[in-house]
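Whatever order the structure lists ligands and atoms in, that order sets their numbers, starting from 1.
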Amino acid sequence: MKSILLSAFLLPLALSSVVPRAEEKIDYHGFKILRVNVPKGAKDVESKIQELSAHILNPGKSALVDVVVSPENLKALEALSLESTVLTEDVGAVLDEEGPISTYAGFATWFTAYHSYADHIQFLRDLQGGYTSQSEVITIGNSVQGRALTGIHIWGSGGKGSKPAVLFHGTVHAREWISTMTTEYLAYQLLTKYASDTTVKALVDKFDFYIIPIVNPDGFVYTQTTDRLWRKNRQTVSTSTCVGRDNNRNWPYKWEVTGGASTNPCSETFKGLAASDAPENRAMVSHVNSLRDGRGLRLYLDIHSYGQYILWPYGYTCSGVVENDAQHRSIASRAAAAIRAISGTAYTIGPACSTLYATTGDSTDYTDAVGNATYSYTYELRDRGTYGFSLPASQIQPTVVETWAGVLSMLKDL
Ligand SMILES: [Zn+2]
């Protein structure tokens, strides 16, 4: 079986977006993850690594780059004679631990397994269906392939649209499945605890919540049909055979600044040909702007994985901080403590650029500077690289529970 599947990779699997013929699902058995030490300023080496890797897991890091490499390309990568260590001997074996896509069997087992796109939409509908007087399913626009960007709007005793907005996004990067589960859990908690928990009731009465668990539906579907490690959307560009824009490098604020995204369509962080030229991005921008122009945006959270970080602007520059940097820090610090108190999971906090790496055209810079959000954060959920994007299903429950504690802490601090 394995040799048959491997024949797909005898085709030139050089660039990250090249997929096997007929779009059969990529079998990652035999692929390794290497952490490669890239010499500073070695642009030719960087592009060679990009050509030889199936995916780069931490695009944006310049020194130590984690690359997924096929058995066929391993020798060529080793021939570059770069310092490297093997992080994962067999990517396929790690993906096996994630567990199968589970059939939808109601709320009781929802947070114990991963699910199909259709079931995620059904989950939102079913959740909303139990709370019709204080929630509605919303769509904010369409993806490249025409899927509706679907979420849920939740309000309290003041009535629909009467309070400042809190906005949560999940799954802008297709492979970050734990972010889907987590944003859904936040919606689930807010609605199911409203009647019984006075803290939750007070928060839902104080804010209008807008929660969109999958803002990159095409990419998410592609991770389930074809390539589990796909990151970007599925938009083509006429100048290249490579596919996909990074919707978190496409926001129309500081998009033109260099160094925090790629102009190469084959890169994991391809910023697009122009600011906001991805339809998913245009949908998010117009929704953020409408919340700003309505009751205002109090808190924005962009939920990602992995690495265990809570980050705030700026991404585009490492010098200069937002005017309420100190408040961002104290709110994040208490959220990290709340998470640690639940499970011991340790988060690193700080402004995005100086704490992790430079990112231009990213969501939180936009919501802060243009969306006038009082607070804007990126969460990078579990783990720190052991499983990376494919957390075992057994870690879904502990992850969503600890993250709820962190987010609840933030909401109480607003
Ligand atoms: Zn991400």
Side-chain angles (χ1 to χ4, degrees), residues 16-17 33 55-61 65-68 98 114 143 149 167-184 186 211-224 227-235 244-251 260-262 267-272 278 280-281 284 300-316 347-353 355-367 376-391 396 399-400 403 406-407:
S16 60
S17 65
I33 300 175
H55 281 290
I56 294 175
L57 299 179
N58 56 349
K61 280 273 184 198
V65 180
D66 296 349
V67 302
V68 179
E98 187 172 64
Y114 295 103
S143 68
L149 273 59
L167 174 63
F168 302 152
H169 284 166
T171 332
V172 66
H173 293 141
R175 60 197 179 188
E176 299 165 8
W177 288 6
I178 191 63
S179 75
T180 325
M181 304 304 297
T182 300
T183 40
E184 286 170 348
L186 301 176
I211 302 173
I212 305 163
I214 304 178
V215 296
N216 177 11
D218 299 348
F220 180 77
V221 168
Y222 194 73
T223 63
Q224 298 196 329
D227 183 355
R228 175 64 188 88
L229 294 178
W230 188 256
R231 167 184 169 97
K232 299 182 285 182
N233 77 354
R234 294 296 302 163
Q235 191 169 6
R245 282 160 173 71
D246 184 340
N247 257 306
N248 200 29
R249 302 291 185 279
N250 194 240
W251 290 77
S262 177
S267 165
E268 305 271 10
T269 60
F270 177 48
K271 56 160 57 179
E280 300 87 359
N281 188 269
M284 293 188 286
Y300 171 72
L301 300 183
D302 199 2
I303 313 282
H304 292 247
S305 70
Y306 56 89
Q308 295 168 205
Y309 293 94
I310 298 173
L311 307 168
W312 59 90
Y314 294 111
Y316 83 89
Y347 270 68
T348 305
I349 69 166
C353 180
T355 306
L356 191 55
Y357 45 65
T359 54
T360 52
D362 70 73
S363 62
T364 50
D365 283 359
Y366 184 87
T367 55
S376 296
Y377 295 96
T378 298
Y379 271 72
E380 296 282 356
L381 304 175
R382 290 192 194 189
D383 55 13
R384 281 187 161 153
T386 305
Y387 292 99
F389 299 114
S390 56
L391 270 192
I396 297 172
T399 304
V400 302
T403 310
V407 173

Distance-only check: which donor-acceptor pairs under 3.5 Å involve side-chain atoms of residues 305-316, not counting sequence neighbours?
{"unit_1": "Q308", "atom_1": "NE2", "unit_2": "A346", "atom_2": "O", "d": "2.8"}
{"unit_1": "W312", "atom_1": "NE1", "unit_2": "D325", "atom_2": "OD1", "d": "2.8"}

Suppose we screen for ring-ring contact (aromatic ring centres under 6.0 Å, His included). Which residues come up paired with Y300, at least two apart in sequence or across chains? H169
For the residue pair R382 and T182, confirm or rule out a side-chain donor-acceptor distance under 3.5 Å. no
Rounded to the nearest 0.5 angstrom, the OH-CH2 distance for Y222 and W230 is 6.0 Å
Around the Zn ion (ligand 1), how many protein N, O or S atoms are closer than 2.8 Å? 4
Residues in ring-ring contact (aromatic ring centres under 6.0 Å, His included) with Y377, at least two apart? H328
Closest contact, heavy atoms only, G244 versus F270: O-CD2, 3.4 Å
